[in-house]
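Note that this is a predicted model, so its numbers are computed, not measured.
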Amino acid sequence: MTAAIRDPYAITVASLRDAPTIASAARALAGELSERLGHQVDIEVQGDDSSLDTLREWSQGLLDCAERYPGTPLETVFTGQCEAHSYAESLVDTGVLIFDQNLLSAGARRAYLARLDNDIATRWRLPAAATPMGTAVHEFGHFVDLGLAVTGWQRPDAVEGHRDALRAEVGDVLAASLGHRPTPAEVGRALGGYALIRTAQGPNGTLRGQLNELVADAFTDVHLNGQHAQPANSRVVHRLDRAVLAPGERIASSTCHRLAQQAIKDRSVTVDALQELATSIEAASRARMAAARPAARPVTGHPQHPYQGPGSPVRPGL
């Protein structure tokens, strides 16, 4: 991932930055995201009065991640009704990502940013995660992480081994920085309270439970803060990358295109050979996707919601 801190409000994709309307921005996202992931992604955004800034920031976050993780099983993005007070929700087994429509109206942007600021002030979320772009990156992190099981990129036993290693390593890294095994409060201060949802501390300072939110927030921290991310989060994403970025297995169509252009320029390979390579990569990716719909209960991240404790603007007085 990036080595430098990513400006979470900078829009670098020209087709997205220059889109004058919500509809044109949604079309730009559909085209760019489909190209980067290597399969069709459907986008549906409701409301002509929606905030272009918020949509662009969500979209840029997804596109940045898709560039590095092609083949991720994200197939549909839409705005709709999420669980009360949630920012977004991922239904990984169906390939669906939902952003809360109530956050997207032009008049709601100021309140949305205020809620995110409160998440930082209460240490509920790390600063990187508490931005609109961070909301999108966090959800994409669920698709990368939970997609290991859904898409069959890894055998079930390998997926569980990946989780076991994470549970132990996060505690080890925090212990090394603190000089002792971390308490739950120390884990929360280091990684943010939201990271510990459905996660508990086990024997000898190890973690147990789902770790879904911890992994997604670690993914967000590393993606947006690079080498400045929390060391424990860097370890989490390093292991995640080892699990999902197997050499030679996943290359995005956009990456294929750039490699092809350079190879043709250098006359190091024929156009026919490159087209054959791209076709075989796409076919392999689609075959994995076709086999990725097991008859099982939904695999999902916990709906992403703001801090709701004492002093919360969402639920005052709790």
J.: Just to verify, which of Val96, Leu97, Ile43 counts as forming a side-chain contact (heavy atoms from CB on, under 4.5 Å) with Phe78?
T.: Val96

J.: Answer yes if Leu126 and Tyr87 sit in the same cluster of Ile, Leu, Val, Met, Phe, Trp and Tyr residues linked by side chain heavy atoms under 4.5 Å apart, and no otherwise.
T.: no

J.: What pair of heavy atoms forms the shortest contact from Leu52 to Thr21, and how long is it?
T.: CD2-O, 3.6 Å

J.: Compare all side-chain heavy atoms of Asp145 with those of Phe219 and state whether any distance is below 4.5 angstrom.
T.: no

J.: CG of Leu214 to CG of Asn233: how many Å apart, nearest 0.5 Å?
T.: 6.5 Å

J.: Do Thr79 and Trp58 come within less than 4.5 Å of each other through their side chains, counting heavy atoms only?
T.: yes

J.: So do Asn225 and Arg6 actually touch side chain to side chain, heavy atoms under 4.5 Å?
T.: no

J.: List the steps and the verdict of side chain to side chain contact (heavy atoms under 4.5 Å, CB included) for Phe99 and Leu104.
T.: CA-CA 8 Å; Phe99 288 109; Leu104 194 57; over 6 Å; no

J.: Provide the closest heavy-atom pair for Ala26 versus Val45 in the form atom of the first, atom of the second, distance.
T.: CB-CG2, 4.0 Å

J.: May I ask you to say whether Glu57 pairs ionically with Arg109, meaning some side-chain N is under 4.0 Å from a carboxylate O?
T.: yes

J.: Would Glu213 and His142 satisfy side chain to side chain contact (heavy atoms under 4.5 Å, CB included), going step by step from the backbone distance to the final call?
T.: CA-CA 8 Å; Glu213 304 308 327; His142 281 312; 3.1 Å; yes

J.: Which distance, rounded to the nearest 0.5 Å, do you find between the NE2 of His228 and the CD1 of Ile5?
T.: 4.5 Å

J.: For residues Ser15 and Glu32, is any side-chain donor paired with an opposing acceptor at under 3.5 Å?
T.: yes

J.: Just checking, is any N or O donor in the side chain of Ser90 or Glu139 under 3.5 Å from an acceptor N or O on the other one?
T.: yes

J.: Does the side chain of Leu74 come within less than 4.5 Å of Val77's, by heavy atoms?
T.: yes

J.: So, applying side-chain contact (heavy atoms from CB on, under 4.5 Å) with Phe143, which one of Leu62, Thr72, Leu91 is it?
T.: Thr72

J.: Just by distance, with hydrogens left out, do His138 and Asp217 show a side-chain donor and acceptor under 3.5 Å apart?
T.: yes

J.: Is there a chain of hydrophobic side chains (I, L, V, M, F, W, Y, each step under 4.5 Å between heavy atoms) that links Leu103 to Tyr9?
T.: yes

J.: Considering non-hydrogen atoms only, spot the tightest contact between Ala232 and Leu191 and give its length.
T.: CB-CD2, 4.1 Å

J.: CZ/Arg235 to CG/Leu240 distance, rounded to the nearest 0.5 angstrom?
T.: 14.0 Å

J.: Hey, are the side chains of Pro132 and Leu116 touching, using non-hydrogen atoms and a 4.5 Å cut-off?
T.: yes

J.: Of all the heavy-atom pairs spanning Ala10 and Met133, show the shortest one and how long it is.
T.: O-CE, 3.8 Å

J.: Between the side chain of Arg125 and the main-chain N/O of Asn118, is any donor-acceptor distance below 3.5 Å?
T.: no

J.: Could you check if a side-chain atom of Gln101 sits within less than 4.5 angstrom of a side-chain atom of Ser50, using non-hydrogen atoms only?
T.: yes

J.: Does Leu33 reach the side chain of Leu37, with side-chain heavy atoms less than 4.5 Å apart?
T.: yes

J.: Rounded to the nearest 0.5 Å, how far apart are CZ of Arg56 and CZ of Arg17?
T.: 9.5 Å

J.: At their closest point, which heavy atom of Gln81 faces which heavy atom of Asn102, and how far apart are they?
T.: NE2-ND2, 3.6 Å

J.: What are the two closest heavy atoms between Ala229 and Ser234, and how far apart are they?
T.: CB-OG, 3.9 Å

J.: Rounded to the nearest 0.5 Å, what's the gap from CZ on Arg115 to CG on Leu113? Could you check?
T.: 11.0 Å

J.: Take Arg68 and Asp241 through the side chain to side chain contact (heavy atoms under 4.5 Å, CB included) test and state the conclusion after the steps.
T.: CA-CA 10 Å; Arg68 180 169 177 81; Asp241 280 355; 3.0 Å; yes

J.: Could you check whether the rings of Trp124 and Tyr194 sit parallel, tilted or perpendicular, using 30° and 60° as the cut-offs?
T.: perpendicular

J.: Could you verify whether a donor N or O on one side chain and an acceptor N or O on the other, from Tyr112 and Asp100, lie under 3.5 Å apart?
T.: no

J.: Walk me through it: do Thr131 and Thr135 pass the test side chain to side chain contact (heavy atoms under 4.5 Å, CB included)?
T.: CA-CA 6 Å; Thr131 61; Thr135 298; over 6 Å; no

J.: Enter the distance from Ile11:CD1 to Leu16:CG here, rounded to the nearest 0.5 Å.
T.: 5.5 Å

J.: Has the side chain of Ser34 got a donor or acceptor atom that lies under 3.5 Å from a matching backbone atom of Ala30?
T.: yes

J.: Would you say the side-chain atoms of Asp64 and Tyr69 include a donor-acceptor pair closer than 3.5 Å?
T.: no

J.: If the test is side-chain contact (heavy atoms from CB on, under 4.5 Å), which one of Val137, Leu55, Val13, Leu29 qualifies with Gln60?
T.: Val13

